[in-house]
Amino acid sequence: VYEVVPDKYGNFSLSIPLTQAMLFRCVYNEQFLPVFLQAGDTLTVKFDSYPMLKTARYRGKVADENRFLQSFACSTRFLRYVSRISTKPT
């Protein structure tokens with residue numbers, strides 16, 4: 001579990017050392033967002049505080065993969081079993 005606290009503007013940054021591609025679950029205010037990360041890539045994710053899943057926007061090499069997961073997650077409940085990135089609201 002990785003925990004970060006957003007700044008007063010709601011921004012945060014997190015670096016996760018990876019040796020392989022992994023799927024994570026970002027948790028914010030009891031909402032979930034699937035996040036696919038790949039070793040050596042940078043991913044930028046922007047979202048509104050509510051509804052996080054439907055408003056997420058991605059930039060980076062794995063943006064297309066994350067948009068696919070976003071679409072899939074909007075129609076299913078698969079997030080229960082993936083790893084977790086946790087953020088705390090300020």
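The line from SG of Cys26 to OH of Tyr2 is 13.5 Å long, rounded to the nearest 0.5 Å. A distance of 8.0 Å separates CZ of Phe36 from CG of Leu69, quoted to the nearest 0.5 Å. Note that CG of Leu43 and CG of Asn66 are 5.0 Å apart. Values are rounded to the nearest 0.5 Å.
Between Glu30 and Phe32, the shortest heavy-atom contact is O-CE1, 3.9 Å. Across Pro6 and Phe12, no two heavy atoms sit closer than the pair CA-CB, 4.1 Å. In plain terms, the two heavy atoms of Val4 and Ser13 that are nearest each other are CG1-O, 4.2 Å.
Residue pairs meeting the side-chain hydrogen bond (donor to acceptor under 3.5 Å, both in side chains) criterion with at least one member in residues 31-52, sequence neighbours excluded: Gln38-Asp41. The salt bridge (charged side-chain N to carboxylate O under 4.0 Å, His left out) pairs that include a residue from residues 64-74 are Asp64-Arg67, where partners are two or more places apart or lie in different chains. Under the side-chain hydrogen bond (donor to acceptor under 3.5 Å, both in side chains) criterion, no residue pair touches residues 51-61, with sequence neighbours excluded.
With Asn11 contributing its side chain and Asp7 its backbone, the two residues share no donor-acceptor pair below 3.5 Å. A distance-only check finds no donor-acceptor pair linking the side chain of Gln20 to the backbone of Ala39 [under 3.5 Å].
For the side-chain contact (heavy atoms from CB on, under 4.5 Å) with Met52, the lone residue among Asn29, Val27, Leu33 that qualifies is Leu33.
You'll find the side chain of Phe47 stays beyond 4.5 Å of the side chain of Leu53, heavy atoms only. Looking at Val35 and Arg25, their side chains never come closer than 4.5 Å, going by heavy atoms from C-beta outward.
No continuous path of hydrophobic side-chain contacts links Phe68 to Met22 [ILVMFWY only; heavy atoms under 4.5 Å].
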